[in-house]
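For reference, the structure is listed below as structure tokens.
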Amino acid sequence: MDSEIRPVEADRPRPARRPGMGAVPGPGGTAFRVWAPHATRVAVAGDFNGWSETQDPLAPEGRGYWSAEVAGAGPGGRYCYVIDHAGQRFSRRDPYARQLDHSNGPSVIVDPHAFAWGDDERFRAPPWHELVIYEMHVGTFNDVPGGAPGDLTAAIGRLAHVADLGANAVQIMPLQEFPGDFSWGYNPASAFAIESRYGGYDAVKAFVKAAHALGLAVLIDVVYNHLGPDDLVLWQFDGWHEPGKGGIYFYNDWRSRTPWTESGRPDYGRGEVRQYLRDSALYWLEELHADGLRWDMTLYIRTVDGNEADPGQTLPDGWSLMQWINREIDARYPWKISIAEDLQDNPWLTVAAEDGGAAFDAQWAANFVHPVRRTLIAPRDEDRSMAALRDAILGRYGGTALTRVLYTESHDEVANGKARLPSEIAPDDPGGWFARKRSTLGAALVLTAPGIPMLFQGQEFLEDEWFRDADPLDWSKTRRFAGILALYRDLIRLRRNWNDRSRGLTGQGVNVFHLNDRDKVLAFHRWDRGGPGDDVVVVLNCANRAWDAYRIGLPRGGGWQVVLNSDGSVYSPDFGNHPGHPTTAEAEPRDGLGFSGTIGFGPYTCLVLTQRA
């Protein structure tokens, strides 16, 4: 009789039956699955097994994947993977972990189904032609100077301000776990884990739910052009790597370098890495109920060093990755928006994938922000170019204006050697008359030109200096500059046609019909379908001079009312309140239009005129 002791089949690790990457809790335990193609052995250690490195081995599934179901491991449990390679043993955090104790701490099991969403599934973001975006940074949005950064719970307390302002989407700077407490968020340690200092996984869900309850869509800023550089979950994950490089998740040659890290660019040509980034993008939209994504600096996904003119620098796999993810989002959630920050005015970013484009819905408009800021910042009126403003208004990518996100302030545009627009206009007096008058001209352009308008947090109450991750917004300025806040509110309500008198601002039609570069006056016509209640005429006076009687062309005859005069004393006691007065368009051709009328306006002033429906 053979007395040899043979291993019992039940003692060998078996692959998990439950699908999904990372830690997937269920009845009786949790399924763990990880990709580690160069490992010779993988186990999971956690507080559920006394952090044993041998008790719960994972079984190889093929193609470098390992998995097992571990009884007793459940939500709230801390864990890590123990990976053997080439005679060495490594402790690794889970690339798919939704939560970490901190950027260098253990992974945490979460139950994706535990949060009470209620009827949140029914929420739909506003249509893009009505969208007004408010960019915010959680750590500085609602915080006390000198303390710890703000978190998502504190940010919820200020969402009513955004809704009352009239914005209907918040775009949050990156929420991925990062080292330390203070950061812009563009140094992610993981593509999934939520920054612990901001409140973690459930806090994001609570924020999204609260925003939706106020009618605010939530757009998430994601960083896929690089990861790290510090506390990086994926770094040399299964032990294999070329010297000085990042291992299986990264390029291991010259393509690894980025402006932010020497070896932090994901390998866009490797199927498992592409899947990881695709899963991350859909995670924000599906599991966390976000309404869209803003991709950070796509130029460095499609090129190595940002030189798109050099064919040797291009990354075709990065381009195809963006196409793949955007096509899948469009197929599953056509109402959810994908926005690129590329800043090269490359129209192919917003061309459909089947036509060779990257399939983004919109991109940040460099051809708007830079000429507009230059024009408004110029100290001398004679240096302001009305032609530059005209081109900024008319620019578009492809056949629709809604491919452009328009702004004068963003986190990038008010830092890195640049400042908030009021501080650029008047560095010694950013709350003064010149700063208020000219910065609000910029706001008027953002909210009346064709495209998707975006504001940066605090812009609406004249926040000054430059953006810093440890410098909270000064909410006392909502009282000090209450009139400026009211001006932004009025502009946004016109942009969204709240009073059914300015539908043209939601449309595609635009004609810059009056350009007076000598006197620095510009006027343009906006329309959707045309007619009373639709046609809008915007007049911009970009000089320090008032006019009592200035004649411009008008697109239709009859009466025109001034529905906004940014020189109104209601917006600031020291504004001149120069009358814009209603006018009657007479059949006297001017500016290439069949009618004309006489209006008045103050210095550095925007007028908006409409006809009653």
| query | Can Glu424 and Arg438 be counted as an ion pair, charged N to O under 4.0 angstrom? | reply | no
| task | Compute the ring centroids of Phe141 and Trp475, then answer whether they are less than 6.0 Å apart. | result | yes
| message | I'd like to know whether the aromatic ring centres of Phe207 and Tyr198 sit less than 6.0 Å apart in this structure. | response | no
| Does a donor on one side chain and an acceptor on the other come within less than 3.5 Å for Asn187 and His226? | no
| request: Report the C-alpha distance between Ile337 and Leu131 in whole Å, list the side-chain angles of each, state the deciding distance to 0.1 Å, and finish with yes or no for side-chain contact (heavy atoms from CB on, under 4.5 Å). | output: CA-CA 11 Å; Ile337 193 167; Leu131 207 58; 4.2 Å; yes
| message | Does this structure show an ion pair linking Arg197 with Glu195, if we count only N-O contacts that are shorter than 4.0 Å? | response | no
Check residues 361-368 and write down every donor-acceptor pair under 3.5 Å in which the side-chain atom is one partner and the other belongs to a residue at least two apart or another chain.
unit_1: Asp361; atom_1: OD2; unit_2: Ser338; atom_2: N; d: 2.8
unit_1: Gln363; atom_1: NE2; unit_2: Asn346; atom_2: O; d: 2.9
unit_1: Asn367; atom_1: OD1; unit_2: Arg404; atom_2: NH1; d: 2.9

| query | Taking all atoms of both residues into account, what is the closest heavy-atom pair of Leu447 and Pro453, and its distance? | reply | CD2-CB, 3.7 Å
| request: Write down the atom of Leu421, the atom of Ser439, and the distance for their closest heavy-atom approach. | output: CD2-CA, 3.9 Å
| said: Assess, by modelled atom type and distance only, whether the side chains of Thr261 and Thr258 contain a donor and an acceptor separated by less than 3.5 Å. | reply: yes
| field | Non-hydrogen atoms of Leu389 and Cys542 that approach each other most closely | value | CD1-SG, 3.8 Å
| request: Have a look at Ser596 and tell me which of His514, Arg551, Arg590 forms a side-chain hydrogen bond (donor to acceptor under 3.5 Å, both in side chains) with it. | output: Arg551
| task | Assess the side chains of Asp296 and Tyr224: does a donor N or O sit below 3.5 Å from an acceptor N or O? | result | no
| task | Run the salt-bridge test on Asp342 and Arg302 with the 4.0 Å N-O cut-off and return the result as yes or no. | result | yes
| said: Test of understanding: with salt bridge (charged side-chain N to carboxylate O under 4.0 Å, His left out), list the residues that count as partners of Lys336, not counting sequence neighbours. | reply: none
| Checking side-chain hydrogen bond (donor to acceptor under 3.5 Å, both in side chains) for the pair Glu341/Ser410: CA distance, chi angles, key distance, verdict? | CA-CA 11 Å; Glu341 182 211 19; Ser410 73; over 6 Å; no
| salt bridge (charged side-chain N to carboxylate O under 4.0 Å, His left out) involving Arg420 - partner list, sequence neighbours excluded | Glu409
| remark: When rounded to the nearest 0.5 Å, the distance separating CD1 of Ile552 from CG of Leu522 is 10.5 Å
| request: Examine Trp295 together with Phe360 and report whether their ring centres are nearer than 6.0 Å. | output: yes
| Shortest non-hydrogen contact between Tyr604 and Arg384, atoms and distance | OH-NH2, 3.6 Å
| task | Could you grab the distance from atom CZ of Phe182 to atom CG of Asp143, nearest 0.5 Å is fine? | result | 7.0 Å
| said: Could you report the tightest heavy-atom contact between Val562 and His581, atom names first, then the distance? | reply: CG2-O, 3.7 Å
| field | salt bridge (charged side-chain N to carboxylate O under 4.0 Å, His left out) between Arg493 and Asp490, worked out | value | CA-CA 5 Å; Arg493 292 178 179 184; Asp490 290 347; 5.6 Å; no
| query | Under 6.0 Å between ring centres, would you say that holds for Tyr550 and Phe601? | reply | yes
| message | Salt bridge check, Arg436 against Asp574: does any charged N sit closer than 4.0 Å to a carboxylate O? | response | yes
| said: Restricting to non-hydrogen atoms, name the atom on Leu406 and the atom on Gly451 that form the minimum distance, rounded to 0.1 Å. | reply: CD1-CA, 4.0 Å
| query | Can we say Arg294 and Glu135 salt-bridge, meaning some charged N sits less than 4.0 Å from an Asp/Glu carboxylate O? | reply | no
| field | Flag, side chain of Glu463 to backbone of Asp474, donor-acceptor distance under 3.5 Å | value | yes
